[in-house]
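Worksheet: the structure to be examined is printed underneath.
Hydrogens, waters and symmetry mates are skipped; everything else that's a heavy atom, side chains included, is used.
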Amino acid sequence: MPTTPAKDAPQPIYLINFEAYLRPKRPHKIMPLQCFDRPERPQTRCEQFHKILQRLKFLRYWRTQRARFSKRLEQLPLPRFLNFLRARHDDGLCKSKTGFEIYCEMSSIHGFHVFVGACTWQRVLWWLLICTAILLSLLVLIMSYSLSAETPTIRYIESMLQPISEQSMSYPALSICSMNRISKSQLRMKEYTLPPQSLPWLTKRNWSRNEHVGISGNISWSQLLENLAPRTCESQVLGCLWQGLVQSCDRLLTPSWSYSEGRCCTFNGTPIQTAGNPAKGLTLRLASQLEDYASSRHSAAGFQLLLHEAQSGIHAATERALLPRGTEAHVMLRSYNTHATPYIDGLKPAKRGCYLSQERLLFYYPKYSQANCLAECESERILKVCSCVHPHMPKLPQWPLCQLEQLKCLSEVAFSWDQLQRFCNCLPSCQFKRYEMQIDLAALNESYPMFQANHLLYGSKNFNGSDEVLLHVYFDSFNEERVRLDVYENFLTFIGTFGGITGLFMGCSFVSVFELIFFVCVRPTCNWLTRQQIRYRRRRQQRANGTKAN
């Protein structure tokens, strides 16, 4: 039979030598936990002052008052959305963290991590700082939006020296108008019994006492203007050079009429292949014909050179230069091109302050410009007031022309710039090409050897330096200034402005927005789905246990 051990048998005793465990394996790396032999350093003045304050009980009073204030602050009632400002009295292991606390721990926005595990006054301080940063960022964003609303468009100088290709380089329209408004030879060809007040250019001082001016017969005002106007293209243009070659002036120049300047001769901006010197530009020889002057608007004899767009009329603000007789003029042109970006299409015309091409059509001119729009609007206003229009104003075929009896109404009707802008709403064009000219004048001298030679331009007719004008028009450079019309702030620049402002004040980024969306929408949805799945599994397990028990 097996032997059984005694009940009160003594337990075996094991002896363990702890010295072997306590002995360091690397004695040369022993670091003392406490150093008792450290020498006492002398007390500084701050420490002495601190001990004096403790003796006087100032620090004790300050500490007790601060503790009382913090307790009262904790007892203040707070709204539900500010409950997170209360300090936690545990280490977070016994109590489950809320979604806001988890978001504060993982958020990339500056300052939110302080809300977890900090004292109440620290949380209140950081909450005030974050609210101040949010308010400042909103204020700066509102200021940026107001600037964009006040100035929706802006012009940038894209290039000061943009090269011009030979295909795109073209001359503007050049109108040459004589300072003489009425030809004396045309007036003497027929007998007119014309009162001086019938034409504004005729005055008694233009005629001698023996000459009588008047009108007889049934002649219209437009026919009278056509008969009395000097023939600039036919008789006053003596020769033409185009790109250094003699050309027929009838092919280069065409007669034109202007409401303010009368009959003129216009060069319609023929495209060129090269430019840069007088030989490759346009050269005209003009005769002023001083003996044919019957009425002039200026005290000098000669011509006016008007610079405008090819499909635009002449108005009071058209750029012009006076060319006195007996001078040689060098007119140097410079081109300025303004183009609009596609972002402009999204703005309304009243907001952007200009019209795009084909956005507003005119009834007379084929191309829109502010000058053409104002000219048509002025014609419509005159038609309403006088029931007729000037023969050389923009008009429709069915509009009646004014006669000499209605001249008084036309002379009395005058519209200011503000009235035309209010009635017409003629905004500038968004895309246009502008030209500027610089003119140099020199006196002509008949004894100069060039005019004695058999030149193609001067050999056909006798040269009279005291009565003629030599005009040279050319580009001074192969470059142009290019200006871009763009919106002040588009979608991309708004994103940059918004990101820069929020990043400066709060340190936000696209990741911060994604975090906020995740913790507000995605995470609660996932938690709800998980709880529903757990409940479904528990109900299923309870049903299974109930069937087994039965």
Evaluate the side-chain proximity of [Y] to [X]: yes if any heavy-atom separation is below 4.5 Å, no if none is.
X	Y	answer
V487	I344	yes
Y343	Y488	no
T502	S509	no
I382	M393	yes
V140	F505	yes
Y355	S429	no
Q419	R381	no
E309	F432	yes

Using atom types as modelled and distance alone, determine if a side-chain donor or acceptor of [X] lies under 3.5 Å from a backbone N or O of [Y].
X	Y	result
S146	M143	yes
Y365	A375	no
N372	Q311	yes
E376	P394	no
R484	T341	no
T151	S148	no
R482	Q162	no
N545	Q541	yes

Which atom of [X] lies closest to which atom of [Y], heavy atoms considered:
X	Y	answer
Y474	Y171	CA-OH, 3.2 Å
P349	L427	O-CD1, 3.5 Å
E261	R320	OE2-NH1, 2.7 Å
P163	N479	CA-OD1, 3.5 Å

Look up atom [atom1] in [X] and atom [atom2] in [Y], then write down how far apart they are to the nearest 0.5 Å.
X	Y	atom1	atom2	result
L139	S137	CG	OG	9.0 Å
Y145	L147	OH	CG	12.0 Å
D345	E359	CG	CD	8.0 Å

Verify whether one side chain among E489 and T497 offers a donor that lies under 3.5 Å from an acceptor in the other.
yes
Quiz question: by atom type and distance under 3.5 Å, do the side chains of T266 and T254 form a donor-acceptor pair?
no
So that I know where these two stand, are W399 and F363 an aromatic pair - ring centroids less than 6.0 Å apart?
yes
Hey, could you give me each pair passing disulfide (SG to SG under 2.5 Å) that has a residue in residues 360-398? Not counting sequence neighbours.
C373-C426, C377-C424, C386-C409, C388-C402
Hey, is CZ on F514 packed in by over 12 heavy atoms from elsewhere, all under 6.0 Å?
no
